[in-house]
Every structure is written in C-alpha cells, then in structure tokens.
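In what follows, every chain begins at residue 1, and chains take the letters A, B, ... in the order their sequences are listed.
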Amino acid sequence: MEGTIHTLQEFMFHTESITYLIIVAALIAITGFWLFLNGRDEE
Amino acid sequence: MSEDTAATGKSYFTPFNIIAGLIVIMGLVLTVIRFTGGLAATTNLSDYNPWGLWIGFDLLVGVALASGGYVTSAAVYLFGMKKYHSALRPAILTGFLGYALVVLALHYDVGRPLRLPYPFLVQQGTTSLLFEVGACVALYLTVLFVEFTPVPLEWLGFKRARNLVVKLTLLLTIFGVVLSTLHQSSLGALFLIAPSKLHPLWYSPYLPVYFFVSSIIAGLSMVIFESTLSGRFFKHKMDETHLAEKDTIALGFGKAASFVLAGYFIVKVIGISAGNNWHFLQTGYGAWFLVELLGFVALPCFLYAVGVRDKNVTLIKWTAVWTVLGVVINRFNVSMIAFNWHLPASERYFPHWMEIGISVFIVTVGLIIFKFIVNRMPILYEHPDYKSAH
Amino acid sequence: MSISRRKFLGWLAAAGLSTSVTRTARAATTQHFTGYPDSVGVLFDNTRCIGCRKCEAGCNKVNELAAPDQPFDDLAVLDNQRRTSARSYTVVNRYDQVNYLKGPLYRKIQCNHCLEPACASACFVRAFAKSKIGAVTYDETVCVGCRYCMIACPFEIPTYEYDNAITPRVMKCTLCYPRISKGLLPGCVESCPTEALTYAKREDLLQIARERIRRFPQRYVDHIYGEHEMGGTSWLYLSAVPFRQIGMREDLGVTPAPELTAGALSGVPIVVGMWPVLLTGIYAISKRKEKLASEEKELAVTTAVEQAEAAAEAKLAEALAQADEEKKKAIDIEVQKALEEAARPETEEAEKSETEEDS
C-alpha cells in the first residue's frame with residue numbers, strides 16, 4: 001500500500017518533480033551540444 | 001520635468017529630484033508601517049481578496065512591461081534586425097530594473113518575505129504554476145543581469161570581462177526568450193486554477209497564450225514609449241546612431257506591434273468562441289470586455305498600421321502609450337476587476353492608498369536608478385572604446 | 001445512529017473491494033484516481049442542524065483559537081452571513097425563507113478537505129497536503145505567505161492573519177488532524193447535540209447519505225454535495241433545499257483543481273525542449289540570409305566594378321583609337337601641308353622667274 005499513488009495531486013507532484021529535473025539537465029545538455037555542433041565553425 | 005544638472009553648477013534640487021525625494025521618503029515611512037503593522041495596516045486585502053494591487057500591478061503589469069528586453073534581443077540577435085541595435089541597451093536596462101523591482105515588490109506582498117527562497121531551497125511545490133513563475137523569474141533576472149553587465153563593465157573599463165560576457169550574447173538571448181515565454185505565460189496560467197472566480201470572458205484555457213502574446217505587444221510598445229521619453233529627457237546623452245535610429249525603431253516596432261495585436265485579437269475572439277461565452281458580451285462586464293478588446297487591442301492595431309503606412313511617428317508614439325495602458329487594463333481586469341466578479345459589492349476590493357503609495361514608491365526608485373545609469377553609463381551612446389561595426 | 005451488523009460487514013466488504021481496484025489501476029494521466037482508501041470524512045445534514053453554534057464553540061476550544069467578539073451562544077450573530085476568518089475555522093450561517101414550509105435552515109462552513117485540494121496543487125512550497133487519513137493539513141513552518149491557496153480554493157475557505165506583521169499564517173479547519181490521528185472525534189462533531197455531523201470513513205458516509213435519501217425522499221434534495229464537486233470532498237452535505245439556497249455554489253463542476261492547471265504545466269517542458277531548437281534555427285536562417293545578402297552585395301559590387309572597369313577600358317580604347325585617328329589625320333594634314341609648302345616655293349620660284357623674265 002505504501003508507495004502507490006492515490007491522488008492526482010500525488011501523481012502530478014511526482015511527474016512534475018522529475019520533469020523539472022529533466023528540464024534543467026536538458027538546458028545544460030543542449031547548450032553543450034550546441035557548442036559541440038558549432039565547435040569547428042570559423043566565424 | 002527637469003534637465004540634467006551636469007551642465008551648470010551642481011544644484012540637486014531639480015523638480016524631478018524634489019518630487020522623487022518626497023516619494024522616496026513617503027515610501028520609506030510606508031515600508032516601516034508595512035513591517036510593523038502587517039498587511040492589515042497597509043492594504044485593503046481580505047480573505048476574499050488575497051491578491052491586490054501589489055500583485056495586479058507590481059507583479060503582473062511590472063513583468064509585462066519589462067518584456068522589451070527579450071523582444072528586442074530576439075529582434076536584433078535572432079532575427080538579425082541590426083537596425084534596431086540602439087534600442088537594445090535601454091530595453092535590457094528596463095527589463096533588468098523592472099524584474100528587480102518586481103522581486104522588491106514581492107517582499108512587500110508576501111507574508112514572510114524572508115522565506116521567498118523556500119520554494120527553491122527547502123520544499124518544492126512542483127505542481128504549482130507559481131513555483132514555475134518563481135523559478136523562471138529568478139533565472140531570467142540572472143540572465144538580464146548578465147546581459148546588462150557589459151554596461152557597467154564598459155563604464156569601469158574592464159575590457160576583458162566585458163568582451164567575455166559579450167561572447168555569451170546569443171546564448172543569453174535564447175535563454176531569455178525561453179524563460180520569458182515560460183513566465184509570461186505562466187503568470188496568466190496562475191488564474192487557470194480559479195475558473196469559479198474569474199469572469200468567463202477573461203477566463204480561458206488560453207490565458208497563458210493571452211499573457212504571452214500581450215507581453216510581446218507590451219514590450220514592443222514600451223520600447224517605443226521609452227525611446228520617446230529618452231528622446232525628450234535624455235537627448236543630450238544620445239549619440240548620432242541612437243538619434244538617427246529612433247524613428248526607424250518606432251516604425252519597425254510599430255509595424256510588428258500592429259501585426260501581433262491583430263493576432264492577439266483573433267486569439268481572444270477564438271477564446272470567447274471556445275467557451276461559448278458570446279452571451280456575456282451583452283452584460284455590463286461584457287461591455288467592459290469590449291472596451292478592452294476593441295478600444296485597447298483593435299484600435300491600437302489599426303492606429304499603429306496607419307502610423308506605419310503614413311510614416312507618422314507621432315501617431316505611433318501615442319499609440320504606444322495607449323497600448324501600454326491597454327495591457328495595464330488587461331492585467332487589472334484579470335487580477336482585480338473581473339476577478340471575484342461574483343461577489344457582492346461590499347466584498348469587492350479597491351486598493352488602500354498605502355498600497356498605491358508603495359507601488360508609486362517602487363516605480364520612482366526604478367526611475368531614479370534608470371536616470372542614474374543612463375546619465376553615466378553607455379546606454380544611449382556607444383562607449384568610444386567599443387564602437388562596434390554595424 | 002445505529003447500523004445492523006450485516007450492513008456494517010457489507011460496507012467493510014465493499015471498502016475492501018474498492019481498495020484492490022485502486023491498487024491495480026496504474027497507467028498514464030488518463031487514469032482515474034480514487035483517493036486514499038479508508039480516508040475519513042464528515043457528513044453534514046441540514047435537516048438536523050438547529051444552528052446552536054456549539055460546533056463553533058467546540059472548534060474554538062479544541063484548537064485554542066482566540067475568543068470571538070460575541071460569545072458562541074449569541075444567536076443574533078446568525079442574522080448576518082459570515083465566512084471563515086483567521087479567528088474562526090468554522091461558522092454556521094442561517095438561511096431564512098429558503099422554503100417557508102421548512103423554516104430557517106443552517107449551513108456549517110469549514111474546509112471541505114477535498115480529495116484533490118486546490119490549495120495543495122497551488123502551493124509552491126507544498127505547505128498543504130492531503131494526508132492519508134483524509135485531512136488536508138497545513139505546514140506553517142514553510143509557508144511563505146503568498147496566499148495563492150486563497151486564490152485557488154473554490155470554496156473560499158482559507159483565511160490569513162493579515163494583522164500579524166512578522167509571522168502571519170494561513171488559517172483553516174484542520175479536521176482536527178491531531179485528534180483524529182489518536183482516534184478522537186473532531187471538535188465540532190463531538191460538540192454537535194443533534195448528530196447533524198457524522199464522522200466516519202468517506203465511503204461509509206456516502207452509503208449513509210444515500211440511505212437517508214432513499215428512506216426519506218421528501219426530506220432531502222437528491223444530491224450529496226461533495227460527492228463529485230471539484231473531484232470530490234471529504235466533507236459531504238445533505239440538504240432539505242437546493243444547495244444554492246443555502247449559499248453553496250452549484251457551478252463548480254467536477255473537475256479536480258490539479259487538472260485545471262495540468263495543461264499549462266505540460267507546456268513548460270515542451271517550450272524548454274523546442275524553443276532553443278526553433279530559435280537557433282531562426283538565428284541560423286537570418287545569419288544565412290545575411291551571409292547571402294552580403295555575398296550578393298559583394299558580387300554586385302565586383303560585377304559593377306568589373307563592368308565599370310570594362311566600360312572605362314572600352315572608353316579608353318575608343319578614346320585612344322580616336323586619338324590615334326586624329327593623330328593620323330593631323331599627320332596626314334601636316335604631310336599634305338608640307339607637300340603643299342614644298343610644292344609652293346617651286347611654283348613661287350617659277351612665278352618669280354616668270355615675272356623676272358618679264359621685266
């Protein structure tokens with residue numbers, strides 16, 4: 001019984017928390033990737 | 001108002017300084033009352049009306065009007081419209097000051113301002129749109145701050161640091177647009193949770209879209225408005241480029257604003273249709289909604305268009321003022337006028353004079369700092385060491 | 001109120017079945033949440049309430065709230081419609097002439113302890129939580145005082161200590177969480193002399209309410225307020241008259257508050273994921289346009305320069321050719337002249353000798 005999600009509020013807290021962590025990681029990752037893609041460009 | 005005192009002998013008692021000084025003194029007194037007497041002593045907030053002018057104006061209007069920063073950055077750096085370059089720094093300064101003052105205003109509004117970092121450091125309410133607003137505003141304030149640092153760095157002569165920051169421009173611009181999209185829309189989304197309290201003509205699942213699109217309109221109009229004011233009060237600080245580009249900016253931003261207003265109008269009509277709320281237009285609130293939609297969205301859309309086509313910069317300048325007023329009215333409607341429309345008149349809210357006093361105080365502080373920076377730092381002119389080729 | 005043993009066992013079995021259902025239903029957001037099993041609630045029956053305000057007194061005592069301006073036995077207070085305040089978690093209102101056959105009716109107002117509380121959804125520090133036992137609790141140690149919970153609550157329940165300058169709190173009914181956790185009754189339920197308030201598991205209360213409606217259809221409106229409103233509340237109401245006549249909103253709908261904001265929240269990660277891509281694309285396109293434009297300009301300039309040069313050269317060649325011709329012509333003329341000159345002295349001499357001969 002412990003650990004199951006019984007309310008929409010619990011469910012959304014769980015999903016949104018993970019989503020925010022993904023967002024932060026994604027922003028950092030895409031910045032790095034962008035620098036990697038443009039790494040050899042001579043301006 | 002006044003002219004700068006640098007020309008002749010240093011007299012600090014200019015009309016602006018006197019009035020601003022009085023307002024600051026009043027503001028400091030009110031601040032003491034706020035933190036000794038609580039919200040009850042300084043506001044007309046109630047259990048039915050937990051949010052008042054400090055949210056409706058300082059937060060909602062403040063954030064909307066500070067959006068010139070991301071709009072101008074996007075135009076110049078992402079869309080490559082270099083002819084608006086001189087509008088960048090004033091817009092970013094306004095944005096930075098605007099957001100900083102929003103954070104200041106929040107310290108007055110929340111019951112326990114020292115706990116403002118709690119949502120990030122102690123316990124995260126990730127299901128809350130206010131959490132999202134807070135996170136994005138905090139991050140965006142940081143972005144704006146970094147975007148602004150070249151100005152004092154140039155002023156202080158720190159060339160290497162300044163050049164390093166300038167290299168980050170594109171990255172900061174993209175971050176800025178992402179964060180702005182998020183928090184501008186989320187401020188509207190805050191009201192999604194209260195459909196039973198916001199009048200159906202203003203409540204819509206499209207609220208986030210309304211707020212985001214109108215923030216673009218507000219940003220474009222504010223840049224024109226400020227450029228007008230700067231041209232009047234800071235003309236002596238403007239270099240040739242800035243003076244020359246003023247009209248270009250008014251025409252270009254006016255054209256953009258006209259088009260975005262047209263889109264906003266369409267989206268708002270779709271919103272009425274989606275909720276099947278046409279019949280509300282015949283009511284008293286409906287009439288007021290039409291004033292907002294026709295008088296402050298459709299009309300400025302048309303006036304901007306005429307101004308652009310006829311190259312009438314004066315018309316564009318006045319339309320910008322009107323449009324900004326329209327955004328203010330919209331934010332007031334959503335947060336105070338159309339909010340709690342179902343309550344009897346005895347329970348409706350009108351700000352306490354002290355609430356107005358604090359808001360005026362905060363705006364004045366912003367103007368004072370703006371004036372200080374514009375008079376000393378390369379905002380309206382290019383620093384001779386960094387003349388860019390453009 | 002007494003129940004037969006059979007009925008009680010029947011309800012237990014039903015409760016057991018429903019818990020197994022919740023345990024197995026786990027999927028994506030399309031799933032339906034049924035709340036914590038064994039969650040408690042309170043049933044308010046306004047056909048039994050006499051407006052004595054003893055529940056208000058009990059709540060005040062049990063929660064050690066400030067004494068009110070008028071004592072709880074002052075029924076003149078009921079002449080006015082009241083709402084919850086920072087000093088009263090619950091109030092009773094009187095509704096006159098809602099149906100003159102049934103006399104005045106009363107309604108007790110307090111937090112409804114929603115199954116999906118709007119306050120919990122809205123709070124950005126998670127100060128509100130729906131406990132397993134069913135009470136929606138408030139943690140004053142993290143509350144920042146933003147009052148978004150008060151905006152969110154559709155029943156307009158949470159109040160704020162606006163006159164507290166340093167440590168203001170949100171104030172609302174706690175369902176006597178500490179008491180019910182110890183197996184005691186909430187203060188209001190315990191104080192009620194007419195059993196207008198019944199405390200039991202929510203599922204049981206629904207059965208009780210349905211049973212009352214079934215047995216006395218003339219007495220009750222056929223609706224249990226709170227069964228579905230805003231996704232369901234722990235506080236349930238039975239009424240002799242339509243609920244709007246006792247000041248309860250019938251237009252709140254059945255959508256739970258978290259669903260109202262789920263759409264907007266779901267847009268956030270998409271913006272974060274897609275905007276950088278789109279904006280970089282716009283940047284790349286505008287940079288490319290710039291590059292093409294400057295290349296075109298360069299090409300136009302070099303072409304123009306070449307053309308100008310070629311034209312200049314052609315002009316020069318023409319001019320040179322013309323100059324040459326003119327020079328040639330001039331030379332020819334000179335040669336002609338010279339020849340003429342050379343020829344002239346001969347003729348002049350010839351003429352001179354002729355004239356000399358003549359003289």
* Structure fact -> Expected contact set for residues 23-31 of chain A against chain C at heavy-atom separation under 4.5 Å reads A/Ile23, A/Leu27, A/Ile30
* Checking C/Ala129 against chain A: side chain, backbone, both or neither under 4.5 Å from a heavy atom? -> neither
* Asked: A/Thr19 versus chain C, heavy atoms under 4.5 Å apart: side chain, backbone, both or neither?
  -> side chain
* **Rounded distance [0.5 Å steps], CZ in A/Phe13 versus CZ in C/Arg126** => 3.0 Å
* Structure fact -> So, the part of C/Ser39 with a heavy atom under 4.5 Å from chain A: the answer is neither
* How about residues 263-272 of chain C versus chain A: which residues have heavy atoms under 4.5 Å apart? -> C/Leu265, C/Val268, C/Pro269, C/Val272
* **Pairwise distance NZ(C/Lys130) to CG(A/Leu8) - rounded to 0.5 angstrom** => 13.5 Å
* Asked: Of the listed residues (C/Ser121, C/Pro117, C/Gly231), which shares the most heavy-atom pairs with chain A below a 4.5 Å separation?
  -> C/Ser121
Only distances under 3.5 Å count here; give the side-chain donor-acceptor pairs of residues 141-155 of chain C to other protein atoms, sequence neighbours excluded, each with its distance to 0.1 Å.
residue  : atom : partner  : partner atom : Å
C/Thr141 : OG1  : C/Asp139 : OD1          : 2.5
C/Thr141 : OG1  : C/Asp139 : OD2          : 3.4
C/Arg147 : NE   : B/Pro50  : O            : 2.9
C/Arg147 : NH1  : B/Asp109 : O            : 2.8
C/Arg147 : NH1  : C/Gly145 : O            : 3.1
C/Arg147 : NH2  : B/Pro50  : O            : 3.0
C/Arg147 : NH2  : B/Asp109 : OD1          : 3.0
C/Arg147 : NH2  : B/Asp109 : OD2          : 3.2
C/Tyr148 : OH   : B/Leu190 : O            : 2.6

* Asked: Within a reach of under 6.0 Å around OH of A/Tyr20, are more than 12 heavy atoms found that belong to other residues, nucleotides or ligands?
  -> yes
* To do: Return the minimal non-hydrogen interatomic distance between C/Phe33 and A/His6, and the atom names on each side.
  => CB-O, 3.4 Å
* Asked: Would a 4.5 Å heavy-atom cut-off, applied to side chains only, mark C/Glu116 and A/Phe11 as touching?
  -> no
* Structure fact -> Shortest non-hydrogen pair, A/Gln9 vs C/Pro258, comes out as OE1-CG, 3.8 Å
* To do: State whether the number of non-hydrogen atoms from other residues, nucleotides or ligands found under 6.0 Å of C/Arg288 atom CZ is greater than 12.
  => no
* Answer yes or no: are there more than 12 heavy-atom neighbours, outside C/His223 itself, under 6.0 Å from its atom NE2? => yes
* Could you give all pairs that pass the ring-ring contact (aromatic ring centres under 6.0 Å, His included) test and reach residues 109-135 of chain C, with sequence neighbours left out? -> C/Phe128-C/Tyr138
